[in-house]
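Structure first, then comments.
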Amino acid sequence: MESRYNPTAIEEKWQKTWAEQGLDKTPTEKDKPKFYALSMFPYPSGNLHMGHVRNYTITDVIARVYRMQGYRVLHPMGWDAFGLPAENAAIKKGIHPAKWTYSNIAQMRSELKRLGLSYDWDCELATCSPDYYKWTQWIFLQFFQAGLAYQKEAAVNWDPVDQTVLANEQVDSEGRSWRSGAIVEKKKLRQWFLKITDYAEQLLQDLDKLPGWPDRVKSMQANWIGKSVGAYLEFPIVGMDEKIGVFTTRPDTVFGVSYIVLAPEHPLTPKVTTSDNKEKIETFIKEVASQSELERTAEDKPKRGIPTGGTAINPFTGEEIPIWIADYVLYEYGTGAVMGVPAHDVRDFKFATEQNLPIKVVITPAESAEEQITEAYTEPGIMINSGDFNGMNSTEGKQAVIDYAEKQGFGKARIQYRLRDWLISRQRYWGAPIPVIHCPKCGIVPVPESELPVVLPENVEFSGRGPSPLAQLGEWVNVPCPSCGTAAKRETDTMDTFIDSSWYYLRFTDAKNEKQVFDSGKTNDWMPVDQYVGGIEHAILHLLYSRFFTKVLRDCKLLNFDEPFNRLLTQGMVQGLTYTNPKKSGNAKYIPSALVNPNDPKDPETGEPLEISYQTMSKSKYNGVAPEDVINKYGADTARMFILFKAPPEKDLEWDDADVEGQFRFLNRVWSLITEYSETTPAKTQKGELSKAEKDLRRAIHTAIDEISKDLEGDYQLNTAVSEMMKLSNALKDATCKNSAVYTEGIETLILLLAPFAPHIAEELWQMIGNQESVHKQTWPKLDESALEVDEITLVIQINGKTRGTIQAPANLDKQGLEKYARESDAAKRYLEEGKEPKKVIVVPGKLVNFVI
RNA sequence: GCCCUUGUAGCCCAAUCGGAAAGAGGCGCUUCGCUUAGAACGAAGAGGUUGCUGGUUCGACUCCAGUCAGGGGCACCA
């Protein structure tokens, strides 16, 4: 008998045994309800970090609990294996991206296995493998055939560091690349796009079908989609046949338009410009073009604009109004032109005041009707100076104006989204080639399905300069057109890696299928993912793209559901103790903890005092803790328990060695509790009535079952679940009936409850108390409601809501009985004057009786 | 500016439908036991204006309004 808890030995032993037994294989029989538990798959960067450990441990607990609760569980793992770091490694170190990637995968796979995660490794996939990207390309062709993939020339985000273009979602609000952190540049290039905007409304509406998603994520997506409801109105240009179309959310203010503003890049700009303004306008356009997006949209910047000399007509009033151009009007949004209503729009007011343009009030608050205003009035009100619409409530006026415009043929209702189409082409090597051929005669020709995959050539030079390595490979690029045989060229751009990850969760349901992208029967059976777990950083990116893919593939009749992820848990970051020297700047301010005395933190170089904080673990901050080190010292079970216990899953978690130690101590206490038990011979069956001690212990056992089961429903309060186990463990230790069958029930229950959280020690202890079959094949402990019952309750006696005493009362009394009982208490008698009835009596069964006097 | 989210003991975190005089669990701290001593282990204990103000209620950590502070998203988006 092993007397001391030795995690390394038992973890290795059980991992080996479980693998041999195929314990974690996905069940094939359909007689149980399904449960699909999924973690966001990692990029194989080299080593596992604590963020991964947290993510995968949470999902693993959920998967294991559902197995014990009688579900057939799919719990797969794979690799988001295309991407720039592999290519950068090739440039720097001369290692081929494939070699670098697969060796990282091998390393990380072995680290995952040491954590005791219950994956079915038979479903493993890597997006960089031709077996997988064949189908990525196939899906691209479905999009292409549905008219959802197209090429266009556009001003796109160019990352000067990674030497490739980026999608809008991949640039943050400061204008930086999500990956390289470089400020992106605008470049005009011909690129591939996916028409995500066709699905904008569905992507927005269907957020309501996701009650199991955090509000935060849903609101971020809704913000990103950015729906606004309004009108499209056309203003004829004086002396020309053309019209200027504008989008407005305030058609009710159209009588207050005193000018029109075009974006400088607007194609009508040169046309409306009069000859005497030509030079000034051209200079202005150049100035604006030289500014970065960031400069141009900076807040508190004066609005710059100049008149073109052109004039338009307000079709509602017949008035002639000047046409201007200004830098605050963005060509990419709406129609690239706005109507200026200074009286009722903050920006227009500022612009008109600065440029001395007329301000005409057309909406007024119900009470006062001032025509002189000092700031824009943007609230609803009563329409004035608006012809036939005068006196109308402006909210109703919106529709009335739209109806009128539609009847007259110069406008209509319109919904505008902020969301833009998804730019998916990348000028890099390590991605799935876009499977099309450019033929001088036929144009863009898709690669026939039978020729998929378009395989990445292997003998490639990585210089890091110039065009994509693929574009330099003549023998690969030059091919005959599949349609007419003319000499043609392959597309040399590869796909955004977010395409790879937009459908991997579907492939897991049929990962080895060589004939199809997946068997819809299998996929529709397992999908949607019941619980998805991953980082908040994908709130928009991956999660929005995946929702889009699901809807498109549903419309291709491959899927029969609308949303891919039923419930979403976004786990918090893992933060490490960080020492910073406030006198230093940049990365130099971070001081490695190995060089710091924790009791007196000083800069080892300068002796300056250091600041202590918790920040997300990263190499550059020297605040990381390697999972390997923790496992070597305490074992995977302790690492798992600590991570689950220290904070609720969605909150940030501060890594603290002392708390890790605390979890190790807890597992040690459980260990000694159960080794002691295993050396005794307690009663197997209960004889006769339970004693008070037995009843109390049994209540503790079933309270733990009840609480932990509730903690695992829906919102996964794994931290409190762990604390309930500690309570049960404490109750068992203090129990005075250790040779009773109830004690045996308690020991068994504790091991079963612990099994999903700390799978190795639970298995070891389960076998130690004489079981043969794996603890992970047992069913989840069943709650016996009757065990929670008590004979007597403590009843609180309140007077006017204040506690004035407590009494013991039989548990089975109804409201009237409780009140009667309470009236006879000393506390009540003291306060209730004889013969005087209280105004009101409130009885909360099981809790209190409150007399209001 | 708009939206989401969080404020409870020195620290991390609990607290069911609104129900005791706020406490499950862990860390840390204090005292005691064990020990040559320490660690480990065991036992006991201290610690609070639930960010603030007001409201609803018999009763508010919990609901409402406002406000302050932290975290996050969107933003000259017409």
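In the text below, chain A, chain B and the rest are named by the order of the sequence lines, each starting its count at 1. Both backbone and side-chain heavy atoms feed into the values below; hydrogens, waters and symmetry mates do not.
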Under 4.0 Å between a side-chain N/O of A:Arg216 and OP1 or OP2 of B:C3, yes or no? no
Expressed in whole Å, how much space separates the P atoms belonging to B:C11 and B:G28? 15 Å
Between C1' on B:C4 and CG on A:Asn223, what's the gap in Å once rounded to a whole number? 8 Å
Take atom C1' in B:U62 and the same atom in B:U56, then report the distance between them in whole Å. 13 Å
Across all strands, who's sitting opposite B:A43 as a Watson-Crick or G-U wobble pair, both distances under 3.5 Å? B:U31
By nearest heavy atom, map A:Val722 and A:Tyr417 onto RNA chain B; which one lands nearer the 5' end? A:Val722
Assigned glycosidic conformation for B:C13 [threshold 90° from 0]: anti
Taking atom C1' in both B:G7 and B:A15, compute the distance separating them and give it to the nearest angstrom. 16 Å
A:Ser723 near the nucleic acid: base, sugar-phosphate alone, or nothing, with a heavy-atom cut-off under 4.0 Å? base
In whole Å, I'd like the distance from the CD atom of A:Gln717 to the C1' atom of B:A14. 9 Å
Using only atom types and a distance under 3.5 Å, with no angle test, would you say the side chain of A:Asn55 pairs donor to acceptor with the backbone of A:Val533? yes
Complementary nucleotide for B:C74 - Watson-Crick or wobble, under 3.5 Å: B:G1
Using ring pair (Phe, Tyr, Trp, His ring centres under 6.0 Å), reason through A:Phe351 and A:Tyr259 one step at a time and then give a plain yes or no. CA-CA 11 Å; A:Phe351 187 70; A:Tyr259 58 95; 5.7 Å; yes
Closest approach to the side chain of A:Asp656, judged atom by atom: which nucleotide of B:C27, B:C13, B:G25 is it? B:C27
Taking the same atom, C1', in B:U67 and in B:C74, what whole-Å distance lies between them? 24 Å
Let's test this: given Watson-Crick or G-U wobble pairing with both distances under 3.5 Å, identify the partner of B:A69. B:U6
Mind checking who B:C63 pairs with, Watson-Crick or G-U wobble, both distances under 3.5 Å? B:G55
Using whole Å, report how far CH2 of A:Trp224 lies from P of B:A75. 6 Å
Can you tell me which nucleotide in B:C27, B:G26, B:C77 comes closest to the side chain of A:Arg665? B:C27
Tell me whether the OP1 or OP2 atom of B:A78 has a side-chain N or O from A:Ser228 closer than 4.0 Å. yes
Provide, to the nearest angstrom, the distance between the NZ atom belonging to A:Lys847 and the C1' atom belonging to B:U16. 7 Å
Under 3.5 Å, side chain of A:Asn157 to main-chain N/O of A:Val184, donor-acceptor pair present? no
Rounded distance (Å) that lies between atom P of B:C58 and atom CG of A:Asn800: 10 Å
Any side-chain N or O of A:Arg414 below 4.0 angstrom from OP1/OP2 of B:C77? no
Less than 4.0 angstrom between a side-chain N/O of A:Lys840 and OP1 or OP2 of B:C58, yes or no? yes
Closer than 4.0 Å, any side-chain N/O of A:Thr806 to the OP1 or OP2 of B:A20? no
note: A:Asn850, atom CG; B:A21, atom P; distance rounded to Å ~ 11 Å
Donor-acceptor check, side chain of A:Tyr716 to backbone of A:Asn719, threshold 3.5 angstrom: yes or no? no
Hey, which of these two, A:Ala658 or A:Gly801, hits RNA chain B nearer its 5' end, going by closest nucleotide? A:Ala658
The side chain of A:Pro648 is closest to which nucleotide in this list: B:G26, B:C58, B:A14? B:A14
Selection from B:A78, B:C58, B:G19 that lies nearest to any side-chain heavy atom of A:Val329: B:A78
A:Arg669 vs B:C41: side-chain N/O to OP1/OP2 distance below 4.0 Å: no
Taking the C1' atom of each, how far is B:C13 from B:U8, in whole Å? 9 Å
Is A:Glu713 salt-bridged to A:Lys710, cutoff N-O under 4.0 Å? no
Between B:G25, B:A78, B:A24, spot the one nearest the side chain of A:Val338, thanks. B:A78
Report which part of the nucleic acid A:Asp652 touches: base, sugar-phosphate, or nothing (heavy-atom distance under 4.0 Å, all strands). sugar-phosphate
Assess whether a salt bridge exists between A:Glu661 and A:Arg665, defined as any Lys/Arg side-chain N lying under 4.0 Å from an Asp/Glu carboxylate O. no
Nearest whole angstrom, please: distance from the C1' of B:A14 to the CE of A:Met725. 16 Å
Report the distance from atom CZ of A:Arg804 to atom C1' of B:C58, rounded to the nearest whole Å. 13 Å
Against the side chain of A:Asp215, the closest entry in B:G25, B:U5, B:A78 is B:U5
A:Asn719 side-chain proximity, nearest of B:C13, B:A40, B:A20: B:C13
List the steps, then state whether side chain to side chain contact (heavy atoms under 4.5 Å, CB included) holds for A:Thr353 with A:Ile359. CA-CA 8 Å; A:Thr353 314; A:Ile359 297 171; 4.3 Å; yes
Any strand, both distances under 3.5 Å, Watson-Crick or G-U wobble: B:U16 pairs with none
Which nucleotide wins on minimum distance to the side chain of A:Val796, given the candidates B:G73, B:A20, B:C27? B:A20
Under 6.0 Å between the ring centres of A:Phe642 and A:Phe664? no
Closest to the side chain of A:Gln798, out of B:G73, B:G19, B:G25, is B:G19
Looking for any heavy atom pair under 4.0 Å, which part of the strands does A:Lys651 touch: base, sugar-phosphate only, or nothing? sugar-phosphate
For atom C1', what is the distance between B:U50 and B:G18, given to the nearest Å? 15 Å
Checking B:C74, B:A20, B:G26 against the side chain of A:Thr794 (C-beta onward), the nearest is B:A20
SB check A:Arg304 A:Glu354 (cutoff 4.0 Å): no
